[in-house]
Amino acid sequence: FSRLYPLHFATLVFVACGQAVHVYLTKTEFVYGFNDPFHFLLNLAFASSWGFNNGFSFNGPAWSVSVEILLYGMFFVVCRQGMARAAVLFALSFGVGGVVSTFNLPLGNGIACFFAGGLAFRVFAALVGKESNERALFLALALASVAWVLTALSAGGIVGFPAGKFGFVPRLFPIYVLYPVTLIAAALAESYWRRGRKLGFLGDISYSLYLIHFPLQLAAVLLLVKSQVHPSIFYSRSFFILFFVVLISLSFASHTYFEMPLQRWIRGRFAVDLPRPLMVAERMPVAK
């Protein structure tokens, strides 16, 4: 809650106000149309994609964060009951995720991916720091490379191979093979070479980038509509570069001066101070 909700609330209020201005100026809503009080309450409760909604609303990309919150709740219950074993994680990912996806695809895929990620972490934790770490790393890189080639061939993503000719990769292949082995390979590579930490700030602002990009689009459209600038400017390279410069700058400022201070305040005010076990990254030996 302390990490995700402050920015979610701020962007929700901003988009609600921005959509009202957009409707006033253009008589239409911008991209997402379900911006009524009911959907506002769903967004306010972080429940915009739990199956009660009629479609995307307000800051539409927050749908995935809504699913994420529900998954955190499930994960808390699983851990609280002492069931965070590999077999349980697999059953939740493959069984529950598969069933739920038949009537709520975003939530079902979220469950499948989330607990497949838990299994990937268990594999990573078992491999990292071992004497065979280097061999495990190169094996993971090889498996990830093969998985990407198979996926590209199946989708016709390689020049000379038409789509469908190699349609042997099942729909769930990315969730249970491609993504996990790629993440394991990347995590092992970082633990071995320790080079990726210099790019850690990109991970820090990734949530900000994700939630701010649509409000920034809305603000840009409102500014140009008010200024009566022709929409063709959106197709210019200069505008594209400017948009991302502003987005990254806003995201960095939001993370540093808004999200983290509020996170510390919320945790300082409400969190219970409990002993914390060492994280896997803190137990890892420094590579020679």
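The residues of the chain are indexed from 1 along the displayed sequence.
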Distance in Å, [X] [atom1] paired with [Y] [atom2], rounded so as to fall on 0.5 Å steps:
X	Y	atom1	atom2	value
D36	H39	CG	NE2	5.5 Å
I205	Y210	CD1	OH	16.0 Å
L188	L183	CG	CG	11.0 Å
L71	L92	CG	CG	10.5 Å
L209	L216	CG	CG	10.5 Å
M74	L107	CE	CG	7.5 Å

So which heavy atom on [X] is nearest to which on [Y], and how close?
X	Y	value
F214	G60	CD2-N, 4.5 Å
F243	Q217	CZ-CG, 3.6 Å
V67	P106	CG1-O, 4.1 Å
I212	L247	CG2-CD1, 3.8 Å
C113	I175	SG-CG1, 3.8 Å
P215	N59	CD-OD1, 3.6 Å

Is there a side-chain contact between [X] and [Y] (heavy atoms, below 4.5 Å)?
X	Y	answer
F138	L141	yes
L7	S208	yes
P61	H213	yes
S93	F114	no

Using the six-membered ring wherever Trp is involved, compare the ring planes of F124 and F121 and label them parallel, tilted or perpendicular (cut-offs 30° and 60°). tilted

**Request:** Would you please classify the geometry between the Y5 ring and the F9 ring as parallel, tilted or perpendicular, with 30° and 60° separating the classes?
**Result:** parallel

Residue pairs meeting side chain to side chain donor-acceptor pair (under 3.5 Å), one or both in residues 233-255, sequence neighbours left out, come to S254-E259

**Prompt:** Yes or no on side chain to side chain donor-acceptor pair (under 3.5 Å) for S57 and N35, after CA distance, side-chain angles and deciding distance?
**Reply:** CA-CA 5 Å; S57 59; N35 301 312; 5.3 Å; no

>> Could you tell me if N53 and S48 have a donor-acceptor pair between their side chains, going purely by distance under 3.5 Å?
In response: no

Are there over 12 heavy-atom neighbours, none belonging to [X], within less than 6.0 Å of that residue's [atom1]?
X	atom1	answer
F75	CZ	no
F270	CZ	yes
F234	CZ	yes

Is the centre of the [X] ring less than 6.0 Å from the centre of the [Y] ring?
X	Y	value
F34	F56	no
H8	F46	yes
F76	Y72	no
F252	F201	no

Flag, side chain of [X] to backbone of [Y], donor-acceptor distance under 3.5 Å:
X	Y	result
S227	V229	no
S66	S49	yes
Y207	L4	yes

